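What follows is one structure encoded as C-alpha coordinates, with my remarks underneath.
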Amino acid sequence: MIIVMKPQAPRKDISEVVSLIESKGLTAHLSEGREVTIIGVVGDKNKLCNVNIQLMSSVDKIVPVTESYKLASKKFHPEPTSVIVGNTVIGPGTLTIMAGPCAVESEEQLLTIAREVKKAGAQFVRGGAYKPRTSPYSFQGLEEEGLKYMAAAKQETGLNTICEVVSREAIEAAVKYVDMIQIGARNMQNFQLLKEAGHSGKPVLLKRGLAATIDEWLNAAEYIISEGNPNVVLCERGIRTFETATRNTLDLSAVPVIKAKSHLPIIVDPSHATGVWDYVAPLAKAGVACGADGLMIEVHNDPEHALSDGPQSLTFKHFDELMQDMKAYIKLAGRTLQ
Ligand code: PEP
Ligand code: MN
(Lines give C-alpha, C1' and ligand atoms only; values in the text may rest on other atoms or scores of the structure.)
(Ligands and ions follow the chains in the order given, each with its own letter.)
Protein backbone atom coordinates (compact mmCIF):
# COMPACT_ATOMS: atom_id res chain seq x y z
CA MET A 1 0.00 0.00 0.00
CA ILE A 2 1.17 3.53 -0.78
CA ILE A 3 0.13 6.65 1.14
CA VAL A 4 0.17 9.88 -0.84
CA MET A 5 0.42 12.97 1.37
CA LYS A 6 -1.18 16.29 0.42
CA PRO A 7 1.10 18.82 -1.32
CA GLN A 8 3.35 20.64 1.17
CA ALA A 9 2.25 18.37 4.04
CA PRO A 10 3.96 19.50 7.27
CA ARG A 11 6.81 17.33 8.50
CA LYS A 12 4.92 16.69 11.76
CA ASP A 13 2.01 15.07 9.87
CA ILE A 14 4.38 12.94 7.81
CA SER A 15 6.18 11.80 10.97
CA GLU A 16 2.86 10.89 12.58
CA VAL A 17 1.95 8.61 9.69
CA VAL A 18 5.43 7.04 9.72
CA SER A 19 5.27 6.48 13.50
CA LEU A 20 1.89 4.82 13.20
CA ILE A 21 3.15 2.47 10.48
CA GLU A 22 6.23 1.58 12.50
CA SER A 23 4.23 1.09 15.69
CA LYS A 24 2.39 -1.72 13.88
CA GLY A 25 5.66 -3.46 13.05
CA LEU A 26 5.67 -2.35 9.40
CA THR A 27 8.34 -0.41 7.47
CA ALA A 28 7.72 3.02 5.97
CA HIS A 29 9.77 4.09 2.93
CA LEU A 30 9.60 7.80 2.20
CA SER A 31 9.86 9.26 -1.27
CA GLU A 32 10.07 13.02 -0.97
CA GLY A 33 9.26 14.92 -4.14
CA ARG A 34 9.37 18.70 -4.56
CA GLU A 35 5.64 18.98 -3.79
CA VAL A 36 4.42 15.68 -2.55
CA THR A 37 5.72 13.05 -0.14
CA ILE A 38 4.78 9.46 -0.80
CA ILE A 39 5.06 6.77 1.86
CA GLY A 40 5.43 3.14 0.84
CA VAL A 41 4.24 0.67 3.46
CA VAL A 42 6.18 -2.57 3.43
CA GLY A 43 4.90 -5.57 5.38
CA ASP A 44 1.56 -7.17 6.15
CA LYS A 45 -0.96 -4.39 5.56
CA ASN A 46 -3.63 -6.32 7.51
CA LYS A 47 -1.90 -4.99 10.62
CA LEU A 48 -3.35 -1.59 9.70
CA CYS A 49 -6.95 -2.75 9.36
CA ASN A 50 -8.04 -1.10 12.65
CA VAL A 51 -6.70 2.34 11.82
CA ASN A 52 -8.11 4.80 9.34
CA ILE A 53 -5.06 6.41 7.82
CA GLN A 54 -7.21 8.12 5.22
CA LEU A 55 -8.56 10.39 7.98
CA MET A 56 -5.15 11.46 9.32
CA SER A 57 -4.06 15.07 8.77
CA SER A 58 -2.47 15.79 5.41
CA VAL A 59 -3.14 12.33 3.97
CA ASP A 60 -4.40 12.78 0.43
CA LYS A 61 -5.07 9.23 -0.67
CA ILE A 62 -4.21 5.58 -0.20
CA VAL A 63 -3.20 3.69 -3.31
CA PRO A 64 -3.49 -0.08 -2.99
CA VAL A 65 -0.67 -1.92 -4.73
CA THR A 66 -1.51 -5.25 -6.21
CA GLU A 67 2.07 -5.97 -7.26
CA SER A 68 4.27 -7.35 -4.52
CA TYR A 69 7.06 -4.90 -5.32
CA LYS A 70 6.74 -1.36 -4.04
CA LEU A 71 10.09 0.43 -4.02
CA ALA A 72 10.60 -0.48 -7.67
CA SER A 73 7.08 0.65 -8.54
CA LYS A 74 6.19 3.86 -10.32
CA LYS A 75 3.25 4.22 -7.95
CA PHE A 76 5.67 4.71 -5.08
CA HIS A 77 8.13 6.86 -7.02
CA PRO A 78 6.35 8.55 -9.96
CA GLU A 79 9.40 10.48 -11.21
CA PRO A 80 11.86 8.46 -13.33
CA THR A 81 15.06 7.67 -11.47
CA SER A 82 18.49 8.61 -12.77
CA VAL A 83 21.36 6.42 -11.66
CA ILE A 84 24.62 8.35 -11.53
CA VAL A 85 27.91 6.56 -12.08
CA GLY A 86 30.96 8.87 -12.07
CA ASN A 87 30.01 11.63 -14.47
CA THR A 88 27.49 9.49 -16.37
CA VAL A 89 23.77 9.89 -15.74
CA ILE A 90 21.74 6.82 -16.68
CA GLY A 91 18.13 7.84 -17.05
CA PRO A 92 15.72 10.14 -18.85
CA GLY A 93 17.16 12.39 -21.53
CA THR A 94 20.47 10.58 -21.83
CA LEU A 95 21.70 7.51 -23.64
CA THR A 96 24.46 5.45 -22.03
CA ILE A 97 26.59 3.01 -23.97
CA MET A 98 28.33 0.13 -22.19
CA ALA A 99 30.63 -1.76 -24.53
CA GLY A 100 33.43 -4.27 -24.30
CA PRO A 101 34.31 -7.93 -24.43
CA CYS A 102 32.20 -10.71 -22.98
CA ALA A 103 35.19 -11.80 -20.90
CA VAL A 104 38.33 -10.00 -19.78
CA GLU A 105 41.05 -12.16 -21.36
CA SER A 106 44.24 -10.18 -20.70
CA GLU A 107 45.28 -6.67 -19.74
CA GLU A 108 46.36 -5.87 -23.26
CA GLN A 109 43.08 -7.14 -24.74
CA LEU A 110 40.97 -5.09 -22.34
CA LEU A 111 43.02 -1.91 -22.72
CA THR A 112 42.92 -2.17 -26.52
CA ILE A 113 39.14 -2.61 -26.48
CA ALA A 114 38.60 0.12 -23.87
CA ARG A 115 40.54 2.64 -25.98
CA GLU A 116 38.51 1.80 -29.08
CA VAL A 117 35.06 1.85 -27.46
CA LYS A 118 35.91 5.16 -25.80
CA LYS A 119 36.97 6.60 -29.17
CA ALA A 120 33.67 5.46 -30.67
CA GLY A 121 31.65 7.17 -27.90
CA ALA A 122 30.98 4.66 -25.09
CA GLN A 123 30.76 5.80 -21.45
CA PHE A 124 31.43 2.38 -19.92
CA VAL A 125 33.77 -0.48 -20.66
CA ARG A 126 32.22 -3.82 -19.77
CA GLY A 127 34.03 -7.11 -19.28
CA GLY A 128 33.36 -10.29 -17.35
CA ALA A 129 35.91 -11.46 -14.79
CA TYR A 130 33.56 -14.15 -13.42
CA LYS A 131 31.86 -15.95 -16.28
CA PRO A 132 28.77 -18.05 -15.55
CA ARG A 133 29.27 -20.43 -18.49
CA THR A 134 26.81 -23.10 -19.55
CA SER A 135 29.63 -25.67 -19.68
CA PRO A 136 32.00 -26.11 -16.75
CA TYR A 137 34.78 -26.71 -19.30
CA SER A 138 34.42 -23.26 -20.90
CA PHE A 139 36.63 -20.32 -19.87
CA GLN A 140 35.43 -19.24 -16.42
CA GLY A 141 37.09 -15.82 -16.20
CA LEU A 142 40.25 -14.31 -14.67
CA GLU A 143 38.48 -13.35 -11.43
CA GLU A 144 40.35 -10.76 -9.33
CA GLU A 145 43.15 -10.45 -11.88
CA GLY A 146 40.50 -9.47 -14.47
CA LEU A 147 39.08 -6.88 -12.06
CA LYS A 148 42.56 -5.34 -11.76
CA TYR A 149 42.66 -4.98 -15.54
CA MET A 150 39.27 -3.25 -15.39
CA ALA A 151 40.72 -0.75 -12.91
CA ALA A 152 43.70 -0.23 -15.23
CA ALA A 153 41.34 0.40 -18.16
CA LYS A 154 39.52 3.03 -16.13
CA GLN A 155 42.78 4.59 -15.06
CA GLU A 156 43.93 4.95 -18.64
CA THR A 157 40.72 5.88 -20.44
CA GLY A 158 38.56 7.46 -17.73
CA LEU A 159 35.69 5.16 -18.75
CA ASN A 160 33.32 3.84 -16.10
CA THR A 161 33.64 0.10 -15.55
CA ILE A 162 31.09 -2.66 -15.06
CA CYS A 163 31.63 -6.31 -14.26
CA GLU A 164 29.32 -9.22 -13.46
CA VAL A 165 29.37 -10.74 -9.99
CA VAL A 166 28.29 -14.30 -9.21
CA SER A 167 28.91 -14.68 -5.48
CA ARG A 168 29.46 -12.76 -2.27
CA GLU A 169 33.23 -13.19 -2.72
CA ALA A 170 32.98 -11.73 -6.23
CA ILE A 171 31.06 -8.72 -4.89
CA GLU A 172 33.64 -8.16 -2.16
CA ALA A 173 36.39 -8.14 -4.78
CA ALA A 174 34.50 -6.18 -7.44
CA VAL A 175 33.62 -3.23 -5.19
CA LYS A 176 37.34 -2.55 -4.83
CA TYR A 177 37.94 -2.24 -8.58
CA VAL A 178 34.82 -1.36 -10.63
CA ASP A 179 32.18 1.38 -10.66
CA MET A 180 29.08 -0.74 -11.20
CA ILE A 181 28.26 -4.40 -10.62
CA GLN A 182 26.12 -6.58 -12.86
CA ILE A 183 23.80 -9.39 -11.81
CA GLY A 184 23.49 -11.67 -14.82
CA ALA A 185 20.44 -13.37 -16.26
CA ARG A 186 21.28 -16.68 -14.59
CA ASN A 187 21.41 -15.09 -11.16
CA MET A 188 18.38 -12.80 -11.42
CA GLN A 189 16.57 -14.90 -8.83
CA ASN A 190 19.58 -15.68 -6.67
CA PHE A 191 17.96 -13.88 -3.77
CA GLN A 192 20.97 -14.10 -1.47
CA LEU A 193 23.14 -12.50 -4.15
CA LEU A 194 20.53 -9.78 -4.72
CA LYS A 195 20.58 -8.96 -1.01
CA GLU A 196 24.39 -8.82 -1.04
CA ALA A 197 24.20 -6.45 -4.03
CA GLY A 198 21.84 -4.35 -1.93
CA HIS A 199 24.63 -3.92 0.63
CA SER A 200 27.45 -3.46 -1.86
CA GLY A 201 27.30 0.34 -2.03
CA LYS A 202 27.67 0.12 -5.83
CA PRO A 203 25.07 0.79 -8.52
CA VAL A 204 23.69 -2.49 -9.89
CA LEU A 205 22.78 -3.51 -13.44
CA LEU A 206 20.13 -6.20 -13.08
CA LYS A 207 19.68 -8.32 -16.18
CA ARG A 208 16.38 -10.04 -16.88
CA GLY A 209 16.37 -13.78 -16.21
CA LEU A 210 16.23 -16.14 -19.19
CA ALA A 211 12.61 -17.02 -18.46
CA ALA A 212 11.59 -14.31 -16.02
CA THR A 213 8.36 -12.37 -16.22
CA ILE A 214 8.48 -8.61 -15.79
CA ASP A 215 6.83 -9.01 -12.41
CA GLU A 216 9.56 -11.43 -11.24
CA TRP A 217 12.22 -9.10 -12.60
CA LEU A 218 10.85 -6.09 -10.72
CA ASN A 219 10.60 -8.20 -7.56
CA ALA A 220 14.29 -9.03 -8.01
CA ALA A 221 14.99 -5.28 -8.21
CA GLU A 222 12.91 -4.88 -5.05
CA TYR A 223 15.29 -7.22 -3.20
CA ILE A 224 18.22 -4.92 -3.98
CA ILE A 225 16.39 -1.65 -3.24
CA SER A 226 14.81 -2.93 -0.03
CA GLU A 227 18.32 -3.67 1.31
CA GLY A 228 19.08 0.04 0.99
CA ASN A 229 20.48 0.35 -2.53
CA PRO A 230 18.23 2.47 -4.78
CA ASN A 231 20.72 2.58 -7.67
CA VAL A 232 19.36 -0.18 -9.86
CA VAL A 233 19.33 -0.19 -13.67
CA LEU A 234 17.43 -2.93 -15.50
CA CYS A 235 18.72 -4.65 -18.64
CA GLU A 236 16.54 -6.47 -21.15
CA ARG A 237 18.78 -9.12 -22.75
CA GLY A 238 16.31 -11.40 -24.48
CA ILE A 239 14.17 -14.21 -23.16
CA ARG A 240 13.90 -17.85 -24.09
CA THR A 241 11.17 -18.65 -26.61
CA PHE A 242 10.51 -21.43 -29.14
CA GLU A 243 12.55 -19.52 -31.75
CA THR A 244 16.00 -20.95 -32.44
CA ALA A 245 17.20 -18.62 -35.22
CA THR A 246 18.51 -16.29 -32.53
CA ARG A 247 20.08 -17.14 -29.17
CA ASN A 248 17.13 -15.53 -27.36
CA THR A 249 14.18 -13.35 -28.39
CA LEU A 250 14.65 -9.66 -27.62
CA ASP A 251 11.51 -8.56 -25.80
CA LEU A 252 11.49 -4.90 -26.79
CA SER A 253 8.00 -4.55 -25.37
CA ALA A 254 9.65 -4.84 -21.96
CA VAL A 255 10.99 -1.30 -22.42
CA PRO A 256 7.62 0.54 -22.51
CA VAL A 257 6.14 -1.94 -20.02
CA ILE A 258 8.93 -1.24 -17.51
CA LYS A 259 8.53 2.51 -18.13
CA ALA A 260 4.82 2.15 -17.30
CA LYS A 261 5.36 0.07 -14.15
CA SER A 262 8.65 1.31 -12.73
CA HIS A 263 10.76 4.43 -12.29
CA LEU A 264 14.02 2.52 -12.81
CA PRO A 265 16.13 3.11 -15.92
CA ILE A 266 16.24 0.28 -18.45
CA ILE A 267 18.89 -0.51 -21.04
CA VAL A 268 18.87 -3.07 -23.86
CA ASP A 269 21.51 -5.71 -24.64
CA PRO A 270 21.10 -6.77 -28.29
CA SER A 271 24.26 -8.92 -28.17
CA HIS A 272 23.06 -11.61 -25.75
CA ALA A 273 19.53 -11.24 -27.15
CA THR A 274 20.54 -12.34 -30.65
CA GLY A 275 23.84 -14.18 -30.32
CA VAL A 276 24.71 -13.04 -33.86
CA TRP A 277 26.81 -9.91 -34.47
CA ASP A 278 24.99 -9.07 -37.69
CA TYR A 279 21.67 -8.67 -35.89
CA VAL A 280 23.04 -6.42 -33.16
CA ALA A 281 22.92 -3.08 -35.02
CA PRO A 282 19.24 -3.12 -36.06
CA LEU A 283 18.13 -4.12 -32.57
CA ALA A 284 20.39 -1.53 -30.94
CA LYS A 285 18.64 1.14 -33.02
CA ALA A 286 15.23 -0.35 -32.18
CA GLY A 287 16.14 -0.24 -28.48
CA VAL A 288 16.90 3.47 -28.73
CA ALA A 289 13.72 4.09 -30.74
CA CYS A 290 11.49 2.44 -28.16
CA GLY A 291 12.82 4.47 -25.25
CA ALA A 292 15.72 2.54 -23.70
CA ASP A 293 18.06 4.59 -21.50
CA GLY A 294 21.11 2.85 -22.87
CA LEU A 295 22.65 -0.15 -24.59
CA MET A 296 25.09 -2.88 -23.62
CA ILE A 297 27.04 -4.17 -26.61
CA GLU A 298 29.79 -6.78 -26.83
CA VAL A 299 32.85 -5.63 -28.77
CA HIS A 300 36.03 -7.65 -29.32
CA ASN A 301 39.42 -7.00 -30.95
CA ASP A 302 39.38 -10.48 -32.50
CA PRO A 303 35.89 -12.01 -32.34
CA GLU A 304 36.98 -15.19 -34.14
CA HIS A 305 39.35 -16.04 -31.30
CA ALA A 306 37.32 -14.65 -28.39
CA LEU A 307 37.24 -16.92 -25.34
CA SER A 308 33.54 -16.20 -24.91
CA ASP A 309 30.67 -15.00 -27.13
CA GLY A 310 32.79 -14.28 -30.24
CA PRO A 311 29.90 -14.85 -32.70
CA GLN A 312 27.88 -12.01 -31.21
CA SER A 313 30.77 -9.57 -30.73
CA LEU A 314 31.20 -6.54 -32.97
CA THR A 315 34.59 -5.67 -34.40
CA PHE A 316 35.89 -2.15 -33.75
CA LYS A 317 34.89 -1.15 -37.27
CA HIS A 318 31.33 -2.42 -36.90
CA PHE A 319 30.95 -0.84 -33.47
CA ASP A 320 32.18 2.49 -34.74
CA GLU A 321 29.81 2.32 -37.73
CA LEU A 322 26.90 1.52 -35.40
CA MET A 323 27.75 4.46 -33.14
CA GLN A 324 27.82 6.76 -36.17
CA ASP A 325 24.52 5.38 -37.54
CA MET A 326 22.85 5.66 -34.17
CA LYS A 327 23.39 9.40 -33.89
CA ALA A 328 20.21 10.14 -35.85
CA TYR A 329 18.17 7.67 -33.77
CA ILE A 330 19.51 9.11 -30.54
CA LYS A 331 18.57 12.61 -31.64
CA LEU A 332 15.11 11.53 -32.76
CA ALA A 333 14.53 9.84 -29.39
CA GLY A 334 15.32 13.17 -27.68
CA ARG A 335 18.40 11.77 -25.97
CA THR A 336 21.94 13.00 -25.57
CA LEU A 337 24.96 10.76 -25.70
CA GLN A 338 27.14 11.97 -22.83
C1 PEP B 1 27.17 -10.98 -19.95
O2 PEP B 1 26.73 -9.81 -19.95
O3 PEP B 1 28.34 -11.27 -20.21
C4 PEP B 1 26.23 -12.10 -19.71
C5 PEP B 1 26.66 -13.30 -19.35
O6 PEP B 1 24.96 -11.76 -19.93
P7 PEP B 1 23.60 -12.52 -19.52
O8 PEP B 1 23.63 -12.63 -18.03
O9 PEP B 1 22.55 -11.56 -20.03
O10 PEP B 1 23.59 -13.83 -20.24
MN1 MN C 1 28.66 -12.50 -23.18
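These numbers come from a predicted model, not from an experiment. Whatever order the structure lists them in is the order used to number ligands and atoms, beginning at 1.
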Flag for Tyr223-Glu227: side-chain donor and acceptor within less than 3.5 Å: no
Pair Tyr279-Gln312, side-chain donor/acceptor within less than 3.5 Å: no
Of all the N, O or S atoms in His272, which one sits nearest to the Mn ion (ligand 2)? NE2
Of all the N, O or S atoms in Glu298, which has the shortest distance to the Mn ion (ligand 2)? OE2
Gln182 heavy atom under 4.0 Å from ligand 1: yes
Can you report which non-hydrogen protein atom sits closest to [atom], along with the distance?
atom: atom 4 (C) of ligand 1; result: His272 NE2, 3.4 Å
atom: atom 2 (O) of ligand 1; result: Arg126 NH1, 2.7 Å
atom: atom 6 (O) of ligand 1; result: Lys207 NZ, 2.9 Å
atom: atom 9 (O) of ligand 1; result: Arg237 NE, 2.6 Å
atom: atom 5 (C) of ligand 1; result: Glu164 OE1, 3.6 Å

Report, one line per pair, each donor and acceptor closer than 3.5 Å where one atom sits in a side chain of residues 47-63; sequence neighbours left out.
| from | atom 1 | to | atom 2 | distance (Å) |
| --- | --- | --- | --- | --- |
| Asn52 | OD1 | Gln54 | N | 3.4 |
| Gln54 | NE2 | Asp60 | O | 3.1 |
| Ser58 | OG | Asp13 | OD2 | 2.5 |

Can an N or O of Lys131 be found at a distance shorter than 3.5 Å from an N or O of ligand 1? yes
Of the listed options (Ala185, Gly238, Cys102), which comes nearest to atom 8 (O) of ligand 1 when hydrogens are ignored and any heavy atom counts? Ala185
Give the atom numbers and elements of ligand 1 that come within less than 4.0 Å of a heavy atom of Glu298. 3 (O)
Under a 4.0 angstrom heavy-atom cut-off, which atoms of ligand 1 come close to Gly184? 8 (O)
Kindly report the SG-the Mn ion (ligand 2)-OD2 angle for Cys102 and Asp309 respectively, rounded to 10°. 100°
Any salt bridge linking Glu164 with Lys207? Criterion: basic side-chain nitrogen under 4.0 Å from a carboxylate oxygen. no
